[in-house]
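All ligand and atom numbering here is 1-based and tracks the order in the structure. None of these values were measured; they are calculated from a predicted model.
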Amino acid sequence: MSEVPQALRTLAAGSIELLREAVAEYGNVCYANSLGSESMVLTDLIWTSVPEIEIFSVDTGRLYPETYDLIERVQQRYCRTLRMYYPDGARIEDWVGEHGINGFRDGLELRHECCGIRKVGPFRRAIAGRGAWVTGIRRGQSASRALAAPVEWDREYGLHKVSPLLEWSEKDIWDYIRKKRLPYNSLHDIGFPSIGCAPCTRAVQPGEDPRSGRWWWERADSRECGLHPRRKVSALAVSTAAAPKD
Ligand code: SF4
């Protein structure tokens, strides 16, 4: 990737090294591809340099059409199929029958139930029996994520969690995508910093907290999907961790 600046190549090399170490240490490693901008970088690193890591994604059934289009473009670029996991249809039928098609807007508990059925359930099936899972979280995304370690024991799911992009800034991510002309979700071009289910994601204004586009009707400290449970953050850690990285 000669067109990529040296600093980015160094970052990418460090991420690849961590991924290779994870395979050597834990054997069966998978990557939970969320189809956001970070995911495009990780997909490129994995499918070009550490292809023994299986990449999968969860189709909640409520994704944007642009996201399905992206899946197709990613598969065409790498001539590989992204393994998709789906929620349990009977559980969705029961839940929607009881709470309505958008019942997740009626309270935090219901929203967590919906995320539990549509995201966490398929995710648990996808990681069952693995030694580690890879995530695309970055320190700059939130005070909670700023405290993450590159490799952690994930108590919630009972395997190791590997985060190769922790030190990447948002600018690094987009520089890499543009330099390598990677596919990405076209919604990013109209103000979506992070993209999940259509009814729970919206565009944000320039300068707004990127996470404010997710579950915006809830309190700011509850806006996680359940795959990355929030860790407790002290006031000192918040002031340190929230400092801009770039
Ligand atoms: Fe349900 Fe919204 Fe969670 Fe998607 S993001 S699983 S629609 S609550």
Side-chain angles (χ1 to χ4, degrees), residues 30-40 42-43 55-72 74 82-128 133-138 141-145 154 156-157 161 163 184-188 190-205 208-231:
C30 62
Y31 168 43
N33 190 321
S34 67
L35 301 166
S37 53
E38 289 81 8
S39 302
M40 298 303 102
L42 266 177
T43 298
I55 303 181
F56 74 87
S57 200
V58 171
D59 181 357
T60 63
R62 301 298 301 263
L63 303 179
Y64 278 100
E66 289 85 346
T67 303
Y68 294 107
D69 173 64
L70 174 64
I71 293 169
E72 182 68 11
V74 166
L82 189 59
R83 175 75 192 267
M84 302 299 294
Y85 283 81
Y86 292 87
D88 181 317
R91 288 190 70 199
I92 291 184
E93 286 174 9
D94 289 345
W95 193 89
V96 170
E98 187 173 350
H99 303 292
I101 194 71
N102 287 342
F104 45 80
R105 290 193 195 278
D106 295 337
L108 189 58
E109 195 175 330
L110 288 173
R111 201 274 282 172
H112 283 164
E113 283 180 12
C114 184
C115 282
I117 295 170
R118 290 185 182 273
K119 288 185 194 175
V120 181
F123 172 79
R124 281 189 186 278
R125 278 195 298 114
I127 62 168
W133 71 287
V134 176
T135 156
I137 63 169
R138 294 184 297 101
Q141 288 171 322
S142 70
S144 172
R145 294 180 182 189
D154 188 332
E156 180 71 21
Y157 300 113
K161 176 173 165 176
S163 301
Y184 65 88
N185 196 317
S186 58
L187 292 172
H188 289 306
I190 55 171
F192 286 71
S194 124
I195 303 165
C197 292
C200 301
T201 309
R202 66 177 181 180
V204 305
Q205 296 300 313
E208 261 189 297
D209 175 2
R211 297 298 292 175
S212 65
R214 304 294 294 274
W215 307 292
W216 57 93
W217 61 90
E218 295 176 358
R219 281 194 350 239
D221 63 359
S222 70
R223 295 176 194 157
E224 289 281 6
C225 66
L227 299 189
H228 304 289
R230 285 178 174 268
R231 67 192 75 224

S.K.: For the backbone of Arg91 and the side chain of Asp88, can you confirm whether one donor and one acceptor N or O come within less than 3.5 Å of each other?
M.R.: yes
S.K.: Would you say Leu42 and Asn33 make side-chain contact, with heavy atoms under 4.5 Å?
M.R.: no
S.K.: For Arg125, what residues pass the salt bridge (charged side-chain N to carboxylate O under 4.0 Å, His left out) criterion, not counting sequence neighbours?
M.R.: none
S.K.: Scan Arg62, His112, Glu113 and name whichever one has a side-chain contact (heavy atoms from CB on, under 4.5 Å) with Phe104.
M.R.: Arg62
S.K.: Check step by step if side-chain contact (heavy atoms from CB on, under 4.5 Å) holds for Val204 and Asp209.
M.R.: CA-CA 8 Å; Val204 305; Asp209 175 2; over 6 Å; no
S.K.: Is it true that Glu156 and Arg124 have a side-chain N and a carboxylate O under 4.0 angstrom from each other?
M.R.: yes
S.K.: With a cut-off of 2.8 Å, which protein N/O/S atoms are close to atom 3 (Fe) of ligand 1, if we only count those under it?
M.R.: Cys115 SG
